[in-house]
Protein chains: 2
Amino acid sequence: MLDERQVGSLRFRLDLSRPIYEQILEQMSSAIARGDIPLGEKIPSVREMAQALRVTPNTVMHAYQEMEREGLTETRRGQGTFITTSQERVEQFRTELAHRVMEEFLQKMKSLGYSWEDILKYLQAKRGGDSDP
Amino acid sequence: MLDERQVGSLRFRLDLSRPIYEQILEQMSSAIARGDIPLGEKIPSVREMAQALRVTPNTVMHAYQEMEREGLTETRRGQGTFITTSQERVEQFRTELAHRVMEEFLQKMKSLGYSWEDILKYLQAKRGGDSDP
DNA sequence: TTAAGTGTATTACATGTTATGATACACTTA
DNA sequence: TAAGTGTATCATAACATGTAATACACTTAA
């Protein structure tokens, strides 16, 4: 249950500071959102994933069920769990999540007394030292 | 324990989704960071705050102790809890926190596949519709 | 000296979330 | 039929959080 575990083409970084199912959910959702997993692709079964991550199947199922609730996956009893084939849904999810992240960020900065000017200045200054993939 | 409670000049918004002591800590820390509470000021006693927020003194003390660990307050046994008189410490705290918030934000956006261009574009577009305090 | 108001510590208890482990059932495919 | 799927349930444990009550040490002011 330490740092990194590889499952197929997916790499997971798990720690004990937060719920495991939440970390699985986030990291798989992000992978789907940024297009790292092809649409319609079958993902590892609950048991397989559980064994690879050294967790209980229940924990993996918890994450899988959340993904299905989000419309990111389709589960077929007896067959497995598959990434949705709806490109539109994935893009919508990505946009909504980005929007939420953005709002949360701005709210926190404003609560610390930073203005729009400050935030943009800070970001552009920071960009100078970083790479731009 | 619902939404808003006023304590002196401070306004608190508490909900049950997250630890109460954490919300008290965050909201007081932000108030200090943005200069809403004068340096050296005495803040409400543990019991007073507990009564006002309808929480147990233990919960308030938990938050107060965290603030002292951060160097934001000084507690004097028998007298009360006071905001630090060190302007430098407050500014340092504000900067460090902003830096952490910024890094977390960028990491999340990058994990969703957004580039620097995207992020800056998104922010500047959003700024158009908002006010700039 | 006394009383009231501080921060602090301890103990016990209740609750909810998280995770595990085991088992069982329903469905699909080969 | 057998193996591999998702799914459900139950018991258990661990942990964080919050409440409640009590006690102690210190400071200040009456």
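Just so you know, these numbers use all the heavy atoms, side chains as well, and skip hydrogens, waters and symmetry mates. In the text below, chain A, chain B and the rest are named by the order of the sequence lines, each starting its count at 1.
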Whole-Å distance between [N] [atom2] and [X] [atom1]?
| X | N | atom1 | atom2 | result |
| --- | --- | --- | --- | --- |
| A:Leu53 | C:dT20 | CG | C1' | 15 Å |
| A:Met49 | D:dT5 | CE | P | 12 Å |
| B:Lys42 | C:dG5 | NZ | P | 12 Å |
| A:Gln51 | D:dG4 | CD | P | 11 Å |
| A:Asp15 | C:dT18 | CG | P | 15 Å |
| B:Glu66 | C:dT8 | CD | P | 12 Å |
| A:Met61 | C:dT20 | CE | P | 13 Å |
| B:Leu16 | D:dG18 | CG | P | 9 Å |

Check step by step if side-chain contact (heavy atoms from CB on, under 4.5 Å) holds for B:Thr73 and B:Phe82.
-> CA-CA 5 Å; B:Thr73 57; B:Phe82 301 79; over 6 Å; no

Under 4.0 Å between a side-chain nitrogen and a carboxylate oxygen: does that hold for [X] and [Y]?
| X | Y | result |
| --- | --- | --- |
| A:Arg18 | A:Glu22 | yes |
| B:Lys108 | B:Glu104 | yes |
| A:Glu103 | A:Lys110 | no |

Looking at [X], I'd like to know whether one of its side-chain N or O atoms comes within less than 4.0 Å of OP1 or OP2 on [N].
| X | N | value |
| --- | --- | --- |
| B:Ser45 | C:dT6 | yes |
| B:Tyr21 | D:dT17 | yes |
| B:Gln65 | C:dA9 | yes |
| A:Thr59 | C:dT20 | yes |
| B:Gln23 | D:dG18 | no |
| A:Thr75 | D:dT5 | no |
| A:Thr81 | D:dG6 | yes |

A correct dot-bracket answer for DNA chain C, with pairs being Watson-Crick or G-U at under 3.5 Å, [ ] for crossing pairs and | for inter-strand pairs, is ||||||||||||||||||||||||||||||

So, A:Gln92 and A:Arg89: side-chain donor and acceptor under 3.5 Å apart, yes or no?
-> yes

A:Ile20, nearest nucleotide to its side chain (from C:dA19, D:dT17, C:dT8) | C:dA19

Are any side-chain N or O atoms of B:Thr59 and backbone N or O atoms of B:Val55, one a donor and one an acceptor, separated by less than 3.5 Å?
-> no

Donor-acceptor pair, A:Ser29 side chain versus A:Leu25 backbone, under 3.5 Å?
-> yes

OG1/A:Thr81 to CD/A:Glu68 distance, rounded to the nearest 0.5 angstrom?
-> 7.5 Å

Lys/Arg cation over aromatic A:Tyr114: B:Arg94, 6.0 Å, 45° cone | yes

What side chain to side chain donor-acceptor pair (under 3.5 Å) pairs are there with at least one residue in residues 36-46 of chain A, not counting sequence neighbours?
-> A:Arg34-A:Asp36

Once each nucleotide of nucleotides 21-30 of chain D is scored for protein heavy atoms under 4.0 Å, what B/S/- sequence comes out, 5' to 3'?
-> B-B-BBSS--

